[in-house]
Each structure stands twice: as C-alpha cells, then as structure tokens.
Amino acid sequence: MGVRKHYATICYRDNTVVTYMVKPDGHLEVDFETPTRRGSKYLSLLKDGTILRQEGYNPSEIDFCQRFLATNLPLIERKAMEHA
C-alpha cells in the first residue's frame, strides 16, 4: 500500500485537508477530510472524479471537491511522480 501525502489545506472551506496516494495498482486516489463538531467528513476520489467513498459531504461539497481536483490534478500528479 502506498503512503498518503499532504497536498493542501483549504482554509476557506473549513480547513479541509487534501491528501493523495498512488495505490499499488497505479491509480491516484485523492482524499478530502473536513473537521466537524462530531468528528469529520470524508470524501475519497479517483483522479477522474469518481467517488470511492463518501461520508457526510453534501452534493454541493462533492461538486466543489471534484472541481478542485480537476483544477489541481496536474500539480498533484507531478507531486505524486516526484515522491514515487
């Protein structure tokens, strides 16, 4: 299993932490985790925006995360290659 790396913390989105990991099968997985009063919300996406796991995010938040990923994908992929 790959090692999860920090990409960014989105302060204006409730300090959402964005991490990424290259899976053994070569797929890039990007996760979003937002702290809440009762724990955290979690969203895991493949690089094409496909949802792997979702806990607590509403459709608008999911859309934001998918757009964030699409915009930042070249940088995330470059960082993933540098740490491979």
Side-chain angles (χ1 to χ4, degrees):
M1 188 127 178
V3 176
R4 186 157 303 287
K5 302 283 186 176
H6 181 265
Y7 174 67
T9 300
I10 310 170
C11 296
Y12 67 91
R13 292 296 281 199
D14 299 325
N15 292 320
T16 297
V17 175
V18 182
T19 59
Y20 65 91
M21 178 174 51
V22 178
K23 301 292 237 173
D25 62 6
H27 286 99
L28 179 63
E29 182 179 303
V30 180
D31 295 341
F32 297 80
E33 188 169 0
T34 305
T36 65
R37 290 182 183 164
R38 298 181 183 199
S40 62
K41 298 186 284 189
Y42 183 81
L43 176 65
S44 182
L45 302 172
L46 288 177
K47 71 179 189 176
D48 66 359
T50 301
I51 298 171
L52 295 175
R53 186 172 138 210
Q54 190 279 120
E55 295 175 15
Y57 279 88
N58 67 41
S60 175
E61 292 168 323
I62 293 171
D63 181 62
F64 169 83
C65 292
Q66 288 171 323
R67 287 184 289 112
F68 181 91
L69 174 57
T71 301
N72 288 270
L73 185 59
L75 295 172
I76 295 171
E77 286 181 318
R78 185 170 28 182
K79 286 185 78 163
M81 292 305 294
E82 288 172 1
H83 295 114

Compare every heavy atom of G56 with every heavy atom of K41, then report the nearest pair and how far apart it is.
CD-O, 3.2 Å
Heavy-atom closest pair (S40 atom, E33 atom, distance to 0.1 Å) is OG-OE2, 3.1 Å
Atom pair CG/OG1 of D31 and T16 - distance to nearest 0.5 Å
12.5 Å
For I51, which residues count as a side chain to side chain contact (heavy atoms under 4.5 Å, CB included) partner, sequence neighbours excluded?
L43, L45, Q54, I62, Q66
With sequence neighbours excluded, tell me which residues meet salt bridge (charged side-chain N to carboxylate O under 4.0 Å, His left out) with R53.
E55
Could you go step by step and tell me if Y7 and N72 meet the side chain to side chain contact (heavy atoms under 4.5 Å, CB included) rule?
CA-CA 10 Å; Y7 174 67; N72 288 270; 2.8 Å; yes
Donor-acceptor pair, E61 side chain versus N58 backbone, under 3.5 Å?
yes
Should L73 and V30 be marked as a side chain to side chain contact (heavy atoms under 4.5 Å, CB included) after you check the CA-CA gap, both sets of side-chain angles, and the distance that decides it?
CA-CA 9 Å; L73 185 59; V30 180; 5.6 Å; no
Applying a strict under-4.5 Å side-chain criterion to I, L, V, M, F, W and Y, I'd like to know whether V17 and M21 cluster together.
no
To the nearest 0.5 angstrom, please state how far the OG1 atom of T9 sits from the CG atom of N15.
7.0 Å
Atom of R13, atom of T34 and distance for their closest heavy-atom approach:
O-CG2, 4.1 Å
To the nearest 0.5 Å, what is the distance between CD1 on I76 and NZ on K5?
14.5 Å
I'd like to know if Y20 and F64 are part of one continuous hydrophobic network [Ile/Leu/Val/Met/Phe/Trp/Tyr, side-chain heavy atoms within less than 4.5 Å].
yes
Would you say Y57 and F32 make side-chain contact, with heavy atoms under 4.5 Å?
yes
Run the side chain to side chain contact (heavy atoms under 4.5 Å, CB included) test on V18 and L69 for me, step by step, so that the C-alpha distance in whole Å, both residues' side-chain angles and the decisive distance to 0.1 Å come before the verdict.
CA-CA 9 Å; V18 182; L69 174 57; over 6 Å; no
Rounded to the nearest 0.5 angstrom, the CG-NZ distance for L46 and K23 is 9.0 Å
Hydrophobic cluster identity match, F68 and L75, side-chain contacts under 4.5 Å
yes
Taking atom NZ as the centre, does K47 end up with more than 12 heavy-atom neighbours from other residues, nucleotides or ligands that are less than 6.0 angstrom away?
no
